[in-house]
2 protein chains.
Amino acid sequence: MDSTMVIRALGALSQEHRLAAFRLLVQAGGAGMPAGAIAEKLGLAASSMSFHLAALANAGLVTQRRQSRLIIYSANYDVMNALMGYLTENCCGGVPCTTEEMCCPPPMPTAMTCKKDVA
Amino acid sequence: MDSTMVIRALGALSQEHRLAAFRLLVQAGGAGMPAGAIAEKLGLAASSMSFHLAALANAGLVTQRRQSRLIIYSANYDVMNALMGYLTENCCGGVPCTTEEMCCPPPMPTAMTCKKDVA
DNA sequence: CCTAAATTTCAACTGTTATGGAAATATGAC
DNA sequence: GTCATATTTCCATAACAGTTGAAATTTAGG
């Protein structure tokens, strides 16, 4: 993940309604939610919601799939997981910490998707 | 950490020069860097750099201390670590995953500060 | 086909963000 | 005190983000 992608992902999440929508989708898991349901839950006009969901999708934070007339959005956990890794890269100049306490966070699991939803 | 703090932190990092400055400080560790050195490294005017560092400080991502004529900035790892926790809260509706593979990332170490710098 | 429903695209407006030069502030050296 | 250095604050300008209503698009049902 390069800096451009990181900036787009962070920028997408740094907005009240987009952050709320993303959290909603994280909690919804692999089942996801249709655009209309998200808009209703957040009290936003459909056009505004569409605008924000497009921003999240553009950043790779959510994926969309059509199911009949609905467009279902789901969180893409992998992209979010890549953020912290980028931010903490070469933490403290890469100098290994001398104590048993860690300096940098450990890598996160690459697969955060609920198996039950994938099945 | 509440949503307002999260949005400010994410917003602070979602900008080319601020992201670069923050990463520089993460790599500098507890020693930090003076404002002028950061500006020079990033090729920014002093006033622009000051603007961005103020944004990072406002979000709690960096701290500042004066050392003679220099103002030294350092990364505040704790705030950044709190972001992912917020974003992954109640992942997948809080339903525990049925397989051995994890659904949500594990909590990160609260102390990411290099002991060698603190000493 | 024609109509309804779900979503996106477009257009216009408003508010905020990023920028660098100039001036102000704070510290240290002589 | 005076001067040089480091940083911030102020100002004006240019670009971008967020909002909604109306129109266009896509799919489903009768």
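Below, chains carry the letters A, B, ... as their sequence lines are ordered, and counting in each starts from 1.
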Undergrad: Write down the atom of B:Ala12, the atom of B:Arg18, and the distance for their closest heavy-atom approach.
TA: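 Closest approach of B:Ala12 to B:Arg18: O-NE, 2.7 Å.
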Undergrad: Compute the bend angle of the helix from C:dC1-D:dG30 to C:dC30-D:dG1 from the end axes (five pairs per end), rounded to 10°.
TA: 20°
Undergrad: Which atoms of nucleotides 11-14 of chain C (N or O only) lie under 3.5 Å from a protein N or O atom, and what are those distances?
TA:
none

Undergrad: Whole-Å distance between D:dT7 P and B:Glu40 CD?
TA: 11 Å
Undergrad: Tell me whether B:Gln67 contacts the main-chain N or O of B:Leu70 through its side chain, where contact means a donor paired with an acceptor under 3.5 Å.
TA: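 Such a contact is absent between B:Gln67 side chain and B:Leu70 backbone.
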Undergrad: Do you reckon A:Leu19 sits in the same ILVMFWY cluster as A:Leu44, going by side-chain contacts under 4.5 Å, direct or chained?
TA: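 Looking at the clustering, A:Leu44 is in the same group as A:Leu19.
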Undergrad: Closer than 3.5 angstrom, by distance alone: can the side chain of B:Asn76 be matched with the main-chain N or O of B:Thr63 as a donor-acceptor pair?
TA: no
Undergrad: Rounded to the Å, how far apart are A:Arg65 CZ and C:dT7 P?
TA: 13 Å
Undergrad: Please report the interatomic distance CG(A:Leu25) to OH(A:Tyr77), rounded to the nearest 0.5 Å.
TA: 8.0 Å
Undergrad: When the distance from CD1 of B:Ile71 to C1' of C:dT25 is rounded to whole Å, what number comes out?
TA: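 Whole-Å distance recorded here is 10 Å.
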Undergrad: In whole angstrom, give the distance that lies between atom CE of B:Met49 and atom P of D:dT7.
TA: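 One finds 11 Å between P of D:dT7 and CE of B:Met49, rounded.
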Undergrad: Atom CD1 in A:Ile71, atom CG in A:Leu53: separation rounded to 0.5 Å?
TA: 9.5 Å
Undergrad: Under 4.0 Å between a side-chain N/O of A:Arg18 and OP1 or OP2 of D:dG18, yes or no?
TA: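 For D:dG18, OP1/OP2 do have a side-chain N/O of A:Arg18 under 4.0 Å.
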Undergrad: Spell out, as yes or no, whether a donor-acceptor pair under 3.5 Å connects the side chain of B:Ser14 to the backbone of B:Gly11.
TA: yes
Undergrad: Taking the six-membered ring of A:Tyr86, is the NZ or CZ of B:Arg23 close enough (under 6.0 Å from the centre) and on axis enough (within 45°)?
TA: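 Judged by the rule (NZ or CZ under 6.0 Å from the ring centre, within 45° of its axis), B:Arg23 counts as positioned above A:Tyr86.
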Undergrad: Nearest whole Å is fine: how far is C:dA26 C1' from B:Gln67 CD?
TA: 16 Å
Undergrad: Just call it for B:Ser68: base, sugar-phosphate, or nothing, with non-hydrogen atoms closer than 4.0 Å on any strand.
TA: sugar-phosphate
Undergrad: Can you tell me which nucleotide in C:dT19, D:dT8, D:dG18 comes closest to the side chain of B:Gln64?
TA: D:dT8
Undergrad: Could you state the CG-C1' distance from B:Leu53 to C:dT17, rounded to the nearest angstrom?
TA: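 It works out to 16 Å between those atoms.
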Undergrad: Of all the choices, C:dG20, C:dT19, D:dT7, which nucleotide is nearest to the side chain of B:Pro34 once you look at every atom?
TA: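 When the side chain of B:Pro34 is considered, D:dT7 is the closest of C:dG20, C:dT19, D:dT7.
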Undergrad: How close or far is atom P of C:dT7 from atom CZ of A:Arg66, stated in whole angstroms?
TA: 9 Å
Undergrad: Could you tell me whether B:Ala35 contacts a base, only the sugar-phosphate backbone, or nothing, with contacts defined as non-hydrogen atoms closer than 4.0 Å?
TA: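 Sugar-phosphate contact only.
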Undergrad: Please determine if a side-chain N or O atom of B:Tyr73 lies less than 4.0 Å away from the OP1 or OP2 oxygen of D:dA6.
TA: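 The answer is no; no side-chain N or O of B:Tyr73 sits under 4.0 Å from OP1 or OP2.
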Undergrad: Looking at B:His52, I'd like to know whether one of its side-chain N or O atoms comes within less than 4.0 Å of OP1 or OP2 on C:dT19.
TA: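 Checking C:dT19 against B:His52, a side-chain N or O does come within under 4.0 Å of OP1 or OP2.
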Undergrad: Please give, in whole Å, the distance from C:dT17 P to A:Ile7 CD1?
TA: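 Rounded to whole Å, this separation is 17 Å.
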Undergrad: If you only use heavy atoms from C-beta on, which nucleotide in D:dT7, C:dT8, C:dG20 is closest to the side chain of A:Ala46?
TA: C:dT8
Undergrad: May I ask whether A:Ile7 and A:Val62 are part of the same hydrophobic cluster, defined by side-chain heavy atoms of I, L, V, M, F, W, Y residues being less than 4.5 angstrom apart, directly or through others?
TA: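 Hydrophobic grouping puts A:Ile7 with A:Val62.
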Undergrad: Would you say A:Ser48 reaches D:dT20's phosphate, i.e. side-chain N/O to OP1/OP2 under 4.0 Å?
TA: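 True: A:Ser48 side-chain N/O within range (under 4.0 Å) of D:dT20 OP1/OP2.
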Undergrad: What is the minimum heavy-atom distance between B:Gly30 and B:Ser74, and which atoms define it?
TA: O-OG, 3.7 Å
Undergrad: Scan A:Ser50 against the nucleic acid and name what it touches under 4.0 Å (heavy atoms): base, sugar-phosphate only, or nothing.
TA: base
Undergrad: DNA chain D: A:Arg69 or A:Leu44, which has the more 5' nearest nucleotide?
TA: A:Leu44
